[in-house]
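One structure is given below, encoded as structure tokens.
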Amino acid sequence: MADTKYIFVTGGVVSSLGKGILSASLGKLLQSRGFKVTIQKFDPYINIDPGTLNPYEHGECYVCSDGHEADLDLGHYERFLNVPTTKANNFTTGRIYQNVIQKERHGDYLGKTVQVIPHITDEIKRCVRSIASKNKFDIVITEIGGTVGDIESLPFIESVRQLKWELGKNCFCIHLAYLPYLSTTKELKTKPVQHSVKQLQELGVQPDALVLRTEHPINQDIRKKVALFCNVAEEAVVECIDAPSIYEVPLFMQREGLDRIVLEKLGLPTDTFSDMEPWKQFLDKLKKATKPVRIGLVGKYAELSDAYKSIIESLNHAAVYNDRKLELELIHSQYITETNVNQKLAGLDGVVVAPGFGSRGIDGKIISLKYTRENNIPTLGICLGMQCMVIEFARNVLGYPEANSTEMDPSTPKNVIDIMEDQKNISDYGGTMRLGNYECRLDKTSRAYKAYGKEKIQERHRHRFEFNDKFRAEFESAGMKCTGTNPETNLVEMIEMPELKWYIGCQFHPEYNSTVLKPNPLFLDFIKVCSQA
Ligand code: GLN
């Protein structure tokens with residue numbers, strides 16, 4: 001078997017340049033040529049995983065198929081490559097240290113002094129190499145989180161240096177850096193890029209390609225200058241201009257020849273056919289879709305779209321496949337009241353009530369759901385959103401004003417949402433929820449069955465509380481049906497109100513399962529109905 005090739009992506013000058021999108025775009029291009037590609041990310045923070053992080057700190061927590069709580073960039077990897085990720089695709093400093101400390105406690109280091117060099121760097125290198133050997137990938141792309149020069153990313157950069165040395169021609173390093181534009185003199189300035197490459201060189205890593213993130217096109221002079229001062233071939237200085245859609249970036253990179261440069265240097269054939277046709281068809285549809293579909297997303301992080309990245313992208317995919325342009329309104333649940341709800345939700349074709357934890361913004365979610373139910377506005381409730389659908393129905397239809405989830409009110413007499421039996425004695429917060437893929441069996445008469453087109457589905461989960469089965473019969477006879485259940489545990493996974501146009505709640509997160517070439521059926525059906533309005 002041919003050697004696995006390793007590509008590292010680092011970032012410089014500023015953060016949030018889109019290393020994740022760049023890695024996913026390059027991955028897509030290489031995959032389109034028939035290579036088996038995976039992308040992993042190293043995050044230099046000490047949390048074991050992002051599961052316990054507040055979305056204000058780090059945006060959405062993405063959930064992998066195996067239940068690993070991951071960085072949101074893994075969502076991009078999956079949406080672009082259409083290949084599920086697992087915990088082998090995402091490591092933090094915390095997890096690397098945890099592994100090393102466990103080995104130390106186990107006596108694996110045979111009395112040696114355990115140090116950053118070599119033990120931490122060896123562990124990082126092991127995590128890079130092991131993903132390839134287990135799954136037989138041709139190419140592993142590893143994104144190093146943070147910005148070059150950060151103290152906390154030093155062990156990762158040192159590991160890249162060592163791997164580059166060990167792997168020789170099987171390794172390629174890309175540095176993504178920001179090219180600022182001075183509007184007064186109307187020039188792009190290269191100095192910060194030069195400095196960031198210098199910093200990388202001081203750490204022993206010479207990038208093979210430089211991707212320059214810019215708001216204005218770069219000319220040949222800039223390419224020449226950057227090439228000369230940074231020791232990079234001129235053709236390997238690549239422009240990455242702001243794109244109207246993140247899904248255009250692979251084509252931008254293809255036009256710049258990044259995939260060819262990488263393949264040449266890695267000794268792989270460059271004359272293979274790159275099948276980007278389905279991708280281009282998606283983009284074509286995206287550009288042609290001008291008729292709007294207006295969706296309101298009700299959540300407590302409305303000022304922060306990164307907190308709902310996967311939901312927003314799933315809505316986008318579904319809109320494109322329904323030939324609609326998504327017009328999304330993020331609506332802050334905390335500020336929705338009985339008196340303003342009709343203004344807040346005015347003119348929407350559909351409403352999504354977001355997942356979440358804790359009481360903040362719950363009342364606004366429940367008020368919104370009462371409004372969409374009574375006005376027959378298509379509604380999708382995800383996880384906490386579904387739980388709010390259940391609470392709202394219990395309060396306003398079943399006539400239990402005190403109905404609640406025990407997450408919000410532990411002593412409620414009408415605990416329509418309650419903690420799962422196997423969660424009762426758990427005291428740790430990290431990684432202890434019901435996480436990842438679980439099967440759900442759909443009722444054949446349901447709208448959900450129609451949407452998915454099959455009886456057994458699998459979706460990813462991230463929750464502690466559930467629909468309380470004790471109330472099931474009461475709900476069903478009043479018009480809220482439990483249409484999806486877990487075949488092993490009988491946990492309620494989906495609820496819907498058949499007499500309404502589209503009113504569905506799911507305990508799982510369909511948004512972690514929607515990719516550019518394989519949009520999620522539930523979102524597709526939701527947008528389809530919203531588009532008919
Ligand atoms: N807080 C709820 C629970 O733990 C819902 C979680 C979510 O929306 N992801 O069950």
Side-chain angles (χ1 to χ4, degrees), residues 49-56 58-65 67-70 72 75 297-302 304 306-312 314 333-334 351-366 368-369 379-392 394 403-410 412 415-438 440 459-469 471 482 484 486 489 491-495 504-514 520 522:
D49 59 47
T52 53
L53 282 176
N54 180 332
Y56 285 116
H58 219 73
E60 157 187 292
C61 169
Y62 188 76
V63 180
C64 300
S65 55
H68 177 71
E69 296 171 278
L72 62 74
L297 174 55
V298 176
K300 67 171 167 177
Y301 300 110
L304 186 79
D306 264 5
Y308 302 118
K309 194 97 216 158
S310 294
I311 296 178
I312 296 173
S314 304
S333 51
Q334 216 178 336
V351 171
V352 178
V353 179
F357 295 83
S359 310
R360 186 166 68 90
I362 283 289
D363 292 345
K365 285 184 174 173
I366 292 173
S368 305
L369 288 165
T379 309
L380 168 61
I382 303 176
C383 207
L384 182 63
M386 170 197 127
Q387 297 176 355
C388 288
M389 281 175 156
V390 170
I391 297 167
E392 188 280 318
N404 216 331
S405 161
T406 49
E407 180 181 7
M408 318 305 160
D409 177 5
T412 174
N415 51 339
V416 289
I417 303 291
D418 204 352
I419 191 124
M420 281 179 271
E421 205 47 51
D422 53 3
Q423 293 279 327
K424 281 187 177 157
N425 298 318
I426 290 173
S427 55
D428 273 359
Y429 276 105
T432 56
M433 282 184 266
R434 181 170 180 246
L435 290 163
N437 268 345
Y438 283 95
C440 167
E459 293 280 11
R460 300 180 197 178
H461 296 69
R462 184 173 187 244
H463 67 119
R464 282 199 178 84
F465 295 82
E466 56 156 322
F467 179 91
N468 187 344
D469 226 34
F471 295 94
C482 301
N486 179 290
T489 56
L491 287 184
V492 172
E493 295 279 10
M494 295 191 87
I495 54 104
I504 298 183
C506 49
Q507 189 54 76
F508 52 75
H509 292 262
E511 70 271 24
Y512 298 137
N513 241 334
S514 181
N520 182 280
L522 196 60

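Predicted model only: the values in this text are computed from it and were never measured. Both backbone and side-chain heavy atoms feed into the values below; hydrogens, waters and symmetry mates do not. One-based numbering, in listed order, for ligands and for the atoms of each.
Scanning P355, G356, S405 for the heavy atom closest to atom 6 (C) of ligand 1 points to G356.
The parts of H463 lying near ligand 1 are both backbone and side chain, judged by heavy-atom distances below 4.0 Å. When non-hydrogen atoms are compared, ligand 1 lies under 4.0 Å from the side chain of E407 (C-beta onward) but not from its backbone. At a 4.0 Å heavy-atom cut-off, ligand 1 touches H509 through the side chain alone.
Using a 3.5 Å distance cut-off with no hydrogens or angles, the side chains of R464 and T432 do pair a donor with an acceptor. For the residue pair N437 / S65, no side-chain donor-acceptor distance below 3.5 Å is found, with atom types taken as modelled.
Considering both main-chain and side-chain atoms, F465 comes within under 3.5 Å of ligand 1 through a nitrogen or oxygen pair. Distances between N or O atoms of L384 and those of ligand 1 include at least one value under 3.5 Å.
Residue Q507 places every heavy atom at 4.0 Å or more from ligand 1.
Partner of H461 under the side-chain hydrogen bond (donor to acceptor under 3.5 Å, both in side chains) criterion, chosen from H509, Q507, E493: E493.
In terms of protein heavy-atom proximity, atom 4 (O) of ligand 1 is nearest to R464 N, 3.0 Å.
Salt bridge annotation for E69-R462: present, with a cationic side-chain nitrogen under 4.0 angstrom from a carboxylate oxygen.
Close contacts of ligand 1 with C383, meaning ligand atoms under 4.0 Å from a residue heavy atom, involve 5 (C), 6 (C), 7 (C), 8 (O), 9 (N). Within ligand 1, the atoms closer than 4.0 Å to a non-hydrogen atom of R462 are 6 (C), 7 (C), 9 (N), numbered from 1 in the order shown.
Summarising the geometry, atom CG belonging to N468 is positioned 8.5 Å from atom OG1 belonging to T406; distances are rounded to the nearest 0.5 Å.
Geometrically, R360 engages Y301 in a cation-pi contact defined by less than 6.0 Å to the ring centre and at most 45° from the axis.
A donor-acceptor pair under 3.5 Å links the side-chain atoms of N486 to the main chain of T489, judged by distance alone.
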